[in-house]
Colleague: 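Structure below; questions to follow.
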Amino acid sequence: MDLREMISTGLVRAPGVWDGLTARLAEQAGFPALCASGFAISAALGYPDAELYTMSENLQAVRTVREASRLPVVADIDTGYGNAINAARTARRFADAGVAAVFMEDQRSPKRCPLIPGAEVELVDLAEAEGKVRAVRDAAGDMIVIARTDAKGDEALRRAESYVRAGADMIMPVTRTFSTVEEWARCREVAGVPLTATLTASAWTEREFTPEVMEQIGVRLALLPTQVLMAVTGAARHCLRRLAEGEAPAAVSADGLAHHDFVDLIGMDEIERQQHAYLPAAVV
């Protein structure tokens, strides 16, 4: 079943991943889809989520995720990396990479992360934003186009209507676009298409958007963009501090995944099968 079919039949949850290992872990955990999280990809490159990386760097990370997993990928394309013409090229490149859906925001480039307290974001005017959505829709082929808005209140509703007219398949309000479940339900009513929600760690939507609530307000795609990143970062920092303080490596390793389990996880058995199938016996 492809992502469009999944969304038509019920709620789809997609965890944030940023490389082949996290993609493989998410698939093995049983998720039906993946979110190539811009926040996480930027962090993996050592940058904050401020559109400091390029479209090509993002695309390379997404290709790595696609290669490691058979699951459909929802990709963050930030602002489209320029005007409507740039955004259309971005959409074509991500479609060529086999991405199932992309989401693009209506901020002026370079973007500012809406998760930063007190950060004011600057939006492109409505006509320009609508043109970018239309350009992405025309270039996207079979990809699902998700239009994200960083506007608030009535302006967000106005933009949602406009983006759907331009061809958006889904609308994604950011976490602070609305402050109540009722406002989300109103957005679904006004837009007339399903909604995408980001259940960002420590945000109010993460706490209040149960599956039942999301069903009621028309959310069909729930992204979990930062939970895995925070968990992995916390564990890695703890491990590194212990090693830096001189703790015995064997003691630190004992608290992590066993080596043989990790080797199994990353598919060494399959590589060995291929080696025996295709390589000369003397090489194997």
Side-chain angles (χ1 to χ4, degrees), residues 1-17 26-39 69 71-76 99-106 114-115 133 137 142-231:
M1 185 182 297
D2 66 19
L3 183 61
R4 197 178 290 274
E5 290 175 306
M6 292 182 202
I7 290 170
S8 70
T9 58
L11 176 67
V12 176
R13 296 196 309 155
V17 300
E27 182 170 7
Q28 292 180 0
F31 280 96
L34 304 174
C35 169
S37 164
F39 188 99
S69 171
L71 298 180
V73 175
V74 181
D76 181 355
V99 170
V102 291
F103 58 95
M104 180 180 69
E105 59 210 56
D106 53 7
L115 299 177
V133 173
R137 174 67 277 161
D142 293 333
M143 276 197 313
I144 296 171
V145 175
I146 304 167
R148 169 181 143 175
T149 182
D150 285 57
K152 297 180 181 180
D154 290 341
E155 177 62 16
L157 297 178
R158 189 163 73 100
R159 285 176 176 257
E161 284 186 290
S162 177
Y163 299 161
V164 172
R165 286 196 302 269
D169 299 294
M170 304 181 77
I171 295 295
M172 177 197 289
V174 296
T175 302
R176 63 184 186 181
T177 292
F178 304 119
S179 57
T180 67
V181 168
E182 290 73 22
E183 288 176 300
W184 274 77
R186 175 60 177 158
C187 183
R188 171 66 178 90
E189 179 183 345
V190 168
V193 296
L195 304 181
T196 298
T198 48
L199 309 187
T200 308
S202 302
W204 76 274
T205 51
E206 183 191 42
R207 296 187 300 272
E208 297 188 26
F209 276 23
T210 64
E212 294 76 21
V213 167
M214 288 189 281
E215 177 67 27
Q216 292 169 8
I217 64 178
V219 171
R220 285 299 179 89
L221 179 60
L223 306 181
L224 307 162
T226 58
Q227 287 80 2
V228 178
L229 177 66
M230 302 306 172

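Positions are given from 1 along the sequence.
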Colleague: Tell me every residue that passes side-chain hydrogen bond (donor to acceptor under 3.5 Å, both in side chains) with Arg186, counting only those two or more places apart in sequence or in another chain.
Modeller: Glu189
Colleague: Check whether any side-chain heavy atom of Thr205 lies under 4.5 Å from a side-chain heavy atom of Phe178, and answer yes or no.
Modeller: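 Not in contact.
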Colleague: Can you confirm whether Ile217 sits close enough to Arg188 that some side-chain heavy atom of one is under 4.5 Å from a side-chain heavy atom of the other?
Modeller: no
Colleague: I'd like to check the side-chain hydrogen bond (donor to acceptor under 3.5 Å, both in side chains) partners of Ser162; sequence neighbours left out, ordered by chain and number.
Modeller: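 With neighbours one apart ignored, the set is Glu130.
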Colleague: Can you find a heavy atom in the side chain of Val74 that is under 4.5 Å from one in the side chain of Val12?
Modeller: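 No - every pair of side-chain heavy atoms lies 4.5 Å or more apart.
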Colleague: Could you pull out all residues at least two apart from Ala100 that satisfy side chain to side chain contact (heavy atoms under 4.5 Å, CB included)?
Modeller: Leu3, Pro72
Colleague: When you measure from the side chain of Glu208 to the backbone of Val213, do you find a donor-acceptor pair of N or O atoms at a distance under 3.5 Å?
Modeller: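 It does not hold such a pair.
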Colleague: May I ask you to test the Asp76-Leu223 pair for a side-chain heavy-atom distance under 4.5 Å?
Modeller: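 Not touching, per the 4.5 Å side-chain cut-off.
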Colleague: Between Glu5 (side chain) and Asp2 (backbone), is there a donor-acceptor pair under 3.5 Å?
Modeller: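 Yes; judged by distance alone, with no hydrogens or angles, the pair exists.
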Colleague: Please list every donor-acceptor pair under 3.5 Å in which a side-chain atom of residues 27-38 meets a protein atom from a residue at least two apart or in another chain.
Modeller:
{"residue": "Glu27", "atom": "OE1", "partner": "Ser69", "partner atom": "OG", "Å": "2.9"}
{"residue": "Glu27", "atom": "OE1", "partner": "Arg70", "partner atom": "N", "Å": "3.4"}
{"residue": "Glu27", "atom": "OE2", "partner": "Arg70", "partner atom": "NE", "Å": "3.0"}
{"residue": "Glu27", "atom": "OE2", "partner": "Arg70", "partner atom": "NH2", "Å": "3.0"}
{"residue": "Gln28", "atom": "NE2", "partner": "Leu265", "partner atom": "O", "Å": "3.1"}
{"residue": "Ser37", "atom": "OG", "partner": "Phe39", "partner atom": "N", "Å": "3.4"}
{"residue": "Ser37", "atom": "OG", "partner": "Ala40", "partner atom": "N", "Å": "3.1"}
{"residue": "Ser37", "atom": "OG", "partner": "Pro225", "partner atom": "O", "Å": "3.2"}

Colleague: Please find the pair of heavy atoms, one from Val219 and one from Leu11, that lie closest to each other, and give the distance.
Modeller: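 That would be O-CD1, 3.6 Å.
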Colleague: Filter on salt bridge (Lys or Arg N to Asp or Glu O under 4.0 Å), then keep only pairs touching residues 209-229, sequence neighbours left out; what's left?
Modeller: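 Sorted result for residues 209-229: empty, none.
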Colleague: For Arg13, what residues pass the side-chain hydrogen bond (donor to acceptor under 3.5 Å, both in side chains) criterion, not counting sequence neighbours?
Modeller: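 Partners of Arg13 under the side-chain hydrogen bond (donor to acceptor under 3.5 Å, both in side chains) test: none.
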Colleague: Within the 4.5 Å heavy-atom criterion, are Ile146 and Arg148 side-chain neighbours or not?
Modeller: no
Colleague: Quick one: side-chain hydrogen bond (donor to acceptor under 3.5 Å, both in side chains) partners of Ser179, sequence neighbours excluded?
Modeller: Glu183
Colleague: Should Thr198 and Phe209 count as side-chain neighbours, where that means a heavy-atom distance under 4.5 Å?
Modeller: no
Colleague: Pairs of donor and acceptor atoms involving the side chains of residues 163-174, under 3.5 Å and at least two apart or interchain, shall be tabulated with distances.
Modeller:
{"residue": "Tyr163", "atom": "OH", "partner": "Asp106", "partner atom": "OD2", "Å": "2.7"}
{"residue": "Tyr163", "atom": "OH", "partner": "Arg159", "partner atom": "NH1", "Å": "2.9"}
{"residue": "Asp169", "atom": "OD2", "partner": "Arg137", "partner atom": "NH1", "Å": "2.5"}
{"residue": "Asp169", "atom": "OD2", "partner": "Val145", "partner atom": "N", "Å": "2.8"}

